[in-house]
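Everything on this sheet refers to the single structure shown next.
Just so you know, residue 1 is the first one in the sequence shown, and it goes up from there.
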Amino acid sequence: MEVAPRTRMEVQGMLAGAPEATVFDRCDFSGVDLSRLDFTGARFTGCLFADASLLATTLEGTQWQRCRAAKTNFEATRLLEARFEACDLNNTSWLRAKLTSVRFEDCKLTGANFSGASFLDHEFIGCLLVAARLPNVSFRKSRLRQLDFSDADLRGCDFRDTVFEGGSLRDANLNGARFEGADLRGADLGGLRLMDAKMFRGATISAPQASDLLGELGIDVI
């Protein structure tokens with residue numbers, strides 16, 4: 001069934017009376033407090049969530065397609081096998097969220113804050129993560145496809161044995177990150193200084209990337 005609730009009370013009524021997973025199609029929840037509700041199995045298509053609060057909600061098995069949720073609060077949410085596709089999630093907050101088997105594909109996550117969130121078996125594909133905060137997240141043994149981490153906070157992240165298929169680490173904060181066994185030949189490493197290169201010990205980079213690193217010291221490679 002398709003519903004178009006706009007208030008917390010309407011949403012609660014629909015969730016309570018739904019015999020099966022609820023479909024929210026082109027609903028406007030902008031600014032609505034939806035905290036602590038159970039949306040297990042719900043599908044959101046073309047919905048608006050700008051400045052909405054989903055604090056401590058249960059989002060297990062939810063599907064999100066083409067939703068616009070800039071500045072939405074996902075703090076302390078529980079996401080198990082949730083799927084986000086082509087969504088605007090810029091400047092969202094995911095503090096202390098539990099993300100297990102979650103997939104983000106072709107999403108805008110510029111400025112998103114995942115500090116303190118727990119990840120397990122997660123996947124990002126073709127996403128903009130510019131200036132996102134992802135400290136201490138493990139991407140170990142992943143294939144990272146077209147992820148733009150420019151200016152992102154990646155302190156303490158684990159990229160060991162990870163393959164970068166395109167994407168960017170330009171000017172990212174990589175303090176304490178690990179890259180042993182990583183293949184970085186497909187990534188934009190702009191802004192990296194040779195003095196930072198020790199963190200890439202054991203990783204694979206291309207000849208042009210090595211030349212760029214030396215260029216930071218004014219050394220020309222012929």
Side-chain angles (χ1 to χ4, degrees), residues 1-137 151-153:
M1 61 182 174
E2 294 185 359
V3 296
R6 297 184 179 181
T7 68
R8 180 183 177 88
M9 185 175 296
E10 288 176 304
V11 174
Q12 288 176 308
M14 295 309 303
L15 292 173
E20 56 187 24
T22 306
V23 176
F24 297 96
D25 185 37
R26 295 185 297 277
C27 297
D28 187 353
F29 302 116
S30 299
V32 178
D33 178 9
L34 301 172
S35 60
R36 296 181 172 80
L37 296 182
D38 187 344
F39 288 98
T40 298
R43 186 169 75 237
F44 302 95
T45 304
C47 295
L48 303 178
F49 285 89
D51 293 311
S53 176
L54 290 164
L55 173 69
T57 56
T58 299
L59 300 174
E60 296 183 3
T62 53
Q63 299 180 46
W64 305 66
Q65 294 181 318
R66 302 183 305 281
C67 293
R68 296 169 60 187
K71 298 183 181 180
T72 297
N73 183 10
F74 288 92
E75 184 175 344
T77 51
R78 293 179 55 194
L79 299 102
L80 172 64
E81 297 183 349
R83 299 290 182 267
F84 294 82
E85 182 179 347
C87 292
D88 178 354
L89 300 166
N90 289 331
N91 298 307
T92 44
S93 175
W94 306 79
L95 303 176
R96 304 191 315 280
K98 296 182 179 180
L99 299 96
T100 303
S101 299
V102 175
R103 178 186 176 106
F104 295 91
E105 184 170 2
D106 297 327
C107 290
K108 298 176 181 178
L109 286 153
T110 293
N113 188 357
F114 290 94
S115 299
S118 61
F119 285 88
L120 179 63
D121 193 27
H122 55 284
E123 189 172 17
F124 292 89
I125 301 173
C127 292
L128 288 176
L129 289 151
V130 176
R133 282 174 273 183
L134 290 151
N136 303 308
V137 175
D151 295 303
D153 179 359

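The nearest pair of heavy atoms linking A69 to F49 is CB-CB, 3.7 Å. The minimum heavy-atom distance between T92 and K71, with the atom names listed, is CG2-N, 4.1 Å. When every heavy atom of L109 is checked against every heavy atom of N90, the shortest pair comes out as N-OD1, 3.5 Å. Across T7 and V32, no two heavy atoms sit closer than the pair C-CG1, 4.2 Å.
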Please list, one pair per line, the donor and acceptor atoms closer than 3.5 Å that link side chains of residues 73-80 to other protein atoms, with sequence neighbours excluded.
from: N73; atom 1: OD1; to: E75; atom 2: N; distance (Å): 2.9
from: E75; atom 1: OE2; to: R96; atom 2: NH1; distance (Å): 2.7
from: E75; atom 1: OE2; to: R96; atom 2: NH2; distance (Å): 3.0
from: T77; atom 1: OG1; to: F74; atom 2: O; distance (Å): 2.8
from: R78; atom 1: NH2; to: E60; atom 2: OE2; distance (Å): 2.8

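A 4.5 Å side-chain heavy-atom check between L54 and T72 finds at least one atom pair inside the cut-off. Side-chain contact between R8 and S35 is present, with heavy atoms from C-beta onward closer than 4.5 Å. By the 4.5 Å heavy-atom criterion applied to side chains, F119 and V102 are not counted as neighbours.
Within a 6.0 Å sphere centred on CZ of R103, heavy atoms belonging to other residues, nucleotides or ligands number more than 12.
Rounded to the nearest 0.5 angstrom, R66 CZ and C47 SG are separated by 10.0 Å. Annotation: the span from F104 atom CZ to C87 atom SG amounts to 9.0 Å, rounded to 0.5 Å. In this structure, CG in L15 is found 7.5 Å from CG in D38, a value given to the nearest 0.5 Å. Going from atom CG of D121 over to atom CG of L99 covers 11.5 Å, rounded to the nearest 0.5 Å. Rounded to the nearest 0.5 angstrom, L129 CG and F114 CZ are separated by 7.0 Å. The OG1 atom of T45 lies 5.0 Å from the CD atom of Q65; values are rounded to the nearest 0.5 Å.
The backbone N or O of A70 sits nowhere less than 3.5 Å from a side-chain atom of N91 that would complete a donor-acceptor pair.
With sequence neighbours excluded, the residues forming a side-chain contact (heavy atoms from CB on, under 4.5 Å) with R133 are N113, S115, P135, D153, listed by chain and number.
The aromatic rings of F24 and F39 sit perpendicular to each other, their planes meeting at more than 60°, with 30° as the lower class boundary.
Between R83 and E85 there is no salt bridge, since no side-chain nitrogen of the basic residue lies less than 4.0 Å from a carboxylate oxygen of the acidic one.
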